There are 4 protein chains.
Amino acid sequence: MYAPDVTVPERLIDAATRLFADKGFDRVAVQEIVQSAGVTKGAMYHYFGSKDDLLHEIYGRVLRMQTERLEKVSADSAPIADRLHAAATDVIVTSVENFDAAKVFFRSIDSLAEETRREVRAERRRYHEKFRSLIEEGQSAGVFRADVPADLTTHYFFGSVHHLGTWYRTDGPVSARQLADYYADLLLASVTKA
Amino acid sequence: MYAPDVTVPERLIDAATRLFADKGFDRVAVQEIVQSAGVTKGAMYHYFGSKDDLLHEIYGRVLRMQTERLEKVSADSAPIADRLHAAATDVIVTSVENFDAAKVFFRSIDSLAEETRREVRAERRRYHEKFRSLIEEGQSAGVFRADVPADLTTHYFFGSVHHLGTWYRTDGPVSARQLADYYADLLLASVTKA
Amino acid sequence: MYAPDVTVPERLIDAATRLFADKGFDRVAVQEIVQSAGVTKGAMYHYFGSKDDLLHEIYGRVLRMQTERLEKVSADSAPIADRLHAAATDVIVTSVENFDAAKVFFRSIDSLAEETRREVRAERRRYHEKFRSLIEEGQSAGVFRADVPADLTTHYFFGSVHHLGTWYRTDGPVSARQLADYYADLLLASVTKA
Amino acid sequence: MYAPDVTVPERLIDAATRLFADKGFDRVAVQEIVQSAGVTKGAMYHYFGSKDDLLHEIYGRVLRMQTERLEKVSADSAPIADRLHAAATDVIVTSVENFDAAKVFFRSIDSLAEETRREVRAERRRYHEKFRSLIEEGQSAGVFRADVPADLTTHYFFGSVHHLGTWYRTDGPVSARQLADYYADLLLASVTKA
DNA sequence: TATGAATGAGTTTTCATTCAT
DNA sequence: TATGAATGAAAACTCATTCAT
């Protein structure tokens, strides 16, 4: 089932990602994960302190990746509207490219243990703020409308993104690219001054 | 704790709504619900077939209410842009007015048992289609842009709405009314022809 | 195995007492206890919050009983030497009469969870102090030697008592009564002024 | 943490002694021991056959040491009362000097595996008998009272000694020397003829 | 001599649900 | 209508020990 050179932790992360995406953290038993990864429970607890740790790791990978990419896009010198468009596009494309991990990211934060949750929320807030600051930059530049708070628009957009997990099919008629363009267009249309 | 004329089933629904909204269906024990409602387990199983039933009932109430209201707004004779705006506004205001129930609605569909889930999905799809048809109507009328599929825009908007549960605070600085106007404005801006 | 009128909690306490006395708390699985009591695990957790609770209850019963009896003996108006003798005798007789519970009491305090342990230690200290104050009374009265601290003598005596669990056999040649007299004599001999 | 010339087995014994004394054999994981000793599990199992072996070794060291010393004291030519006093004093002083090992000795015999336990019990009995024979010698000589069986008095005294682990503090107000004198005095007072 | 990944049997605990009363 | 004792299956996690290297 697995190439012999895929490490046990990697196999566990893969299996957990698939299962969490499919059924949600709370509906997946550790037993299922290890079975699916072809290892024993003991092996899992050798590498991960808890089931929660597994989720945390998946969560962290997605968050780190998207934060990195957003920073790169933000730092670009293109006009602000282009940069916002690129940022919006990018988050969608990468979410779809790692759709299982993204689904976990989109819906499982409440399953994290108290402490981990706080930690993760803080990092997610930083991501949110970085995105928001793009919108604010456009507002300051007079390119984006300022009558709707940038904070609210950011929530609005990311709500749409998080919802992808519940309806979008990677094997459906809309490609990731198209989807990204549509979403970015809708966002741009809603923030651009009339 | 409860007025004596509040029926047992009603108390159970109330308690369950509060708890499910707060911790998520899977993290709430039946014991907690009955304790919080001030009744016993036996009483709960007298009125509801299962824990799932409780969720189903909460879910159904929200869905029925919003469907009804959407139908009323749709049937109005106002211009399509106004009707879409009203529909968008209405779903937000009523969601915030019943915020706990709405939160449950927004995030607990995966917790429903297979059969119930299918049933509920079908009804939700009908709601989605009704909303979408408003957008399509505007597209046919040449008022709304047609380059983004109405279906996708509908998902886009409802993603934003579903996300409210994770960040909006009813006791925060933004009133339900304001929030609804902002959201409807963003939607209208994104669908209106340039 | 059990008369039908023995309640489930009582059966659980009985079984746990026997097993804890025999093998020590840490070496007894909940599974063994419920099997021995003829009930299911669920039933046990219906009545007791945890395995620890079971131990706590056994512990508490012994402690309460012995505290009560010591208070009664202390309050007597007999000469202090007689009262100390009676107290010593009594703790031994009752310990042997409830030998399994006493054994648990003698050796399982370290198995209690942190919080429970603190609580129980405090109560045990009060018992210790009450006994010690008998010795102090004799010292003040000039009947008992004062060159050895009463606190230390108390520890000395209760060490002997706690040790009973490791060697004394209720079915051996020394009756509880004899044992009690021997121990009380040894105590009195060691505290009485030459 | 350790001088480089302390051998691995020695480090393991040290760490295990400290941990067993502190938390009891059953509450200490092999992982903790090796971590605390700064070695790996494999290393431990290279030198010791099992966790049990570790305990056995600690146990054996204490027992061998005390047996040796008791033999030396017994063989002396001093009057019996002096020899008993010396024996009592000695066991206390050496117990306090190796307090962690002594604590393990005092309370962990039940944790030994069946076979080891039997073996160890036999040796402990020989120690007990040697001590008892001192008392018997005094009884034969007419110096000690004979109305309390020597066997029982021996248990009585060693109960006190074993109990030290639960209350005595090496950094407390009573020095090992003082403690030993008090205990030996109490013993002598209780066995000496009135 | 030593490593540390892996095992697998065992642990305590949870919880939706049932059922005699 | 309601009680609450009891069930039983499943859950997450622990840990002494083994073994290929």
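These numbers come from the heavy atoms of this one structure, side chains and all, not from hydrogens, waters or symmetry mates. Computed from a predicted structure; not experimentally measured. Chain letters run A, B, ... following the sequence lines, proteins first and then strands; every chain starts at 1.
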Residues passing the side-chain contact (heavy atoms from CB on, under 4.5 Å) test with B:T40, sequence neighbours excluded, are B:A43
By nearest-heavy-atom nucleotide on DNA chain F, the more 5' of A:F25 and B:V8 is B:V8
Review point. Counting any heavy atom closer than 4.0 Å, what does D:V28 reach on the DNA or RNA strands: base, sugar-phosphate only, or nothing?
Key: sugar-phosphate
In short, ring-ring contact (aromatic ring centres under 6.0 Å, His included) pairs touching residues 24-52 of chain C with sequence neighbours left out are C:F20-C:F25
Sorted by number, residues from residues 39-52 of chain A placing a heavy atom under 4.0 Å from DNA chain E are A:T40, A:G42, A:A43, A:H46, A:Y47
With a 4.0 Å cut-off (strictly under) to non-hydrogen atoms of chain C, the first and last hit nts on DNA chain F, 5' to 3', are F:dG4 to F:dG8
For C:L63, does its backbone N or O pair with a side-chain atom of C:Q66 as donor and acceptor, under 3.5 Å? no
So, with a heavy-atom separation below 4.0 Å from DNA chain F, the residues of residues 111-119 of chain B are none
Please report, to 0.1 Å, the donor-acceptor pairs under 3.5 Å made by any side chain of residues 100-107 of chain A, with sequence neighbours excluded.
{"unit_1": "A:R107", "atom_1": "NH1", "unit_2": "B:D110", "atom_2": "OD1", "d": "3.3"}
{"unit_1": "A:R107", "atom_1": "NH1", "unit_2": "B:D110", "atom_2": "OD2", "d": "2.9"}
{"unit_1": "A:R107", "atom_1": "NH2", "unit_2": "A:K23", "atom_2": "O", "d": "3.2"}

For C:H163, the side-chain contact (heavy atoms from CB on, under 4.5 Å) test, sequence neighbours excluded, returns C:T166, C:W167, D:H162
Check your understanding: side chain to side chain contact (heavy atoms under 4.5 Å, CB included) between D:E119 and D:L112: does it pass, once the steps are laid out?
Key -> CA-CA 10 Å; D:E119 190 185 320; D:L112 284 167; over 6 Å; no
Residues passing the salt bridge (charged side-chain N to carboxylate O under 4.0 Å, His left out) test with C:R27, sequence neighbours excluded, are D:D26
Here the gap from B:S95 atom OG to B:M65 atom CE, rounded to the nearest 0.5 Å, amounts to 6.5 Å
- Task: Check whether any side-chain heavy atom of C:M44 sits under 4.5 Å from a side-chain heavy atom of C:V8, and report yes or no.
- Result: no
So salt bridge (Lys or Arg N to Asp or Glu O under 4.0 Å) across residues 49-62 of chain C, not counting sequence neighbours, yields C:E10-C:R61, C:E57-C:R61, C:E57-C:R64
Contacts of D:T17 meeting side-chain hydrogen bond (donor to acceptor under 3.5 Å, both in side chains) (sequence neighbours excluded), chain-then-number -> none
Its dot-bracket string being built from Watson-Crick and G-U pairs below 3.5 Å, with | for another strand and [ ] for crossing, DNA chain F has the pattern .||||||||||||||||||||
Residue set satisfying salt bridge (charged side-chain N to carboxylate O under 4.0 Å, His left out) with D:E114, at least two apart, ordered chain then number -> D:R117, D:R118
When rounded to whole Å, the CG to P distance for the pair B:D53 and E:dA16 reads 14 Å
**Study point:** Donor-acceptor contact below 3.5 Å, side chain C:E123 vs main chain C:V120
**Key:** no
